[in-house]
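Written out below as structure tokens is the structure these notes cover.
This structure is a prediction, so every number in the text was calculated from the model and none was measured.
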Amino acid sequence: MTKDAEPLFVNLLSTCSATDIALIKSALDARGLHYYFQGENTFFLRGIEPARLMVASEDIVEAREALRPLKLIYSPRVFGHP
């Protein structure tokens, strides 16, 4: 990623677990990866839609590696896709 270019973010997984969100943040922060949760605040307020983990496309492989050993409750439809 160049200094001026904005990264392209892709949906890696979705979860309805606040515990998962905390574990994911810790694992990705430890590796210095670029990510954010879409709908995290809405999830905590309304609990209707799951929070979606959005990861910079250049970090997707390393993010999967970081999350693989964790015991998460997530939507596998998204996590398993390249």
Side-chain angles (χ1 to χ4, degrees):
M1 175 172 48
T2 64
K3 188 175 183 179
D4 296 327
E6 290 292 321
L8 171 67
F9 286 86
V10 294
N11 185 223
L12 181 57
L13 62 83
S14 299
T15 184
C16 290
S17 170
T19 302
D20 283 359
I21 292 170
L23 289 170
I24 290 166
K25 285 181 175 183
S26 178
L28 299 182
D29 286 345
R31 293 190 182 210
L33 302 179
H34 299 92
Y35 72 93
Y36 68 93
F37 276 94
Q38 184 177 41
E40 177 182 11
N41 294 330
T42 305
F43 165 72
F44 287 127
L45 291 174
R46 297 182 7 206
I48 298 171
E49 294 290 322
R52 297 182 341 147
L53 173 61
M54 307 299 289
V55 177
S57 58
E58 66 268 9
D59 292 336
I60 203 83
V61 172
E62 189 172 354
R64 281 191 182 122
E65 290 173 12
L67 300 181
R68 201 168 307 281
L70 302 179
K71 304 254 189 266
L72 302 174
I73 302 167
Y74 61 86
S75 172
R77 294 171 297 165
V78 177
F79 188 73
H81 290 18

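- Connectivity analysis of hydrophobic side chains (ILVMFWY, heavy atoms under 4.5 Å, direct or indirect) links Phe9 to Tyr36, Met54.
- Minimum interatomic distance between Ala27 and Ala66 (heavy atoms only, all atoms of both residues): CB-O, 4.1 Å.
- Judged as a side chain to side chain donor-acceptor pair (under 3.5 Å), and not counting sequence neighbours, the contacts of Gln38 are Arg52.
- Looking at heavy atoms from C-beta onward, Phe37 lies in side-chain contact with Ile24 at the 4.5 angstrom threshold.
- In this structure, the side chain to side chain contact (heavy atoms under 4.5 Å, CB included) partners of Leu8, at least two apart in sequence or on a different chain, are Ser57.
- The two residues Leu53 and Asn11 have their closest heavy-atom pair at O-ND2, 3.2 Å.
- Expressed to the nearest 0.5 Å, how far CD of Glu62 lies from CG of Leu33 amounts to 4.5 Å.
- Between Leu13 and Asp20 the shortest side-chain heavy-atom distance does not fall below 4.5 Å.
- The shortest distance between side-chain heavy atoms of Thr15 and Leu72 does not fall below 4.5 Å.
- Thr19 meets the side chain to side chain contact (heavy atoms under 4.5 Å, CB included) test with Ser17, Leu23; sequence neighbours excluded.
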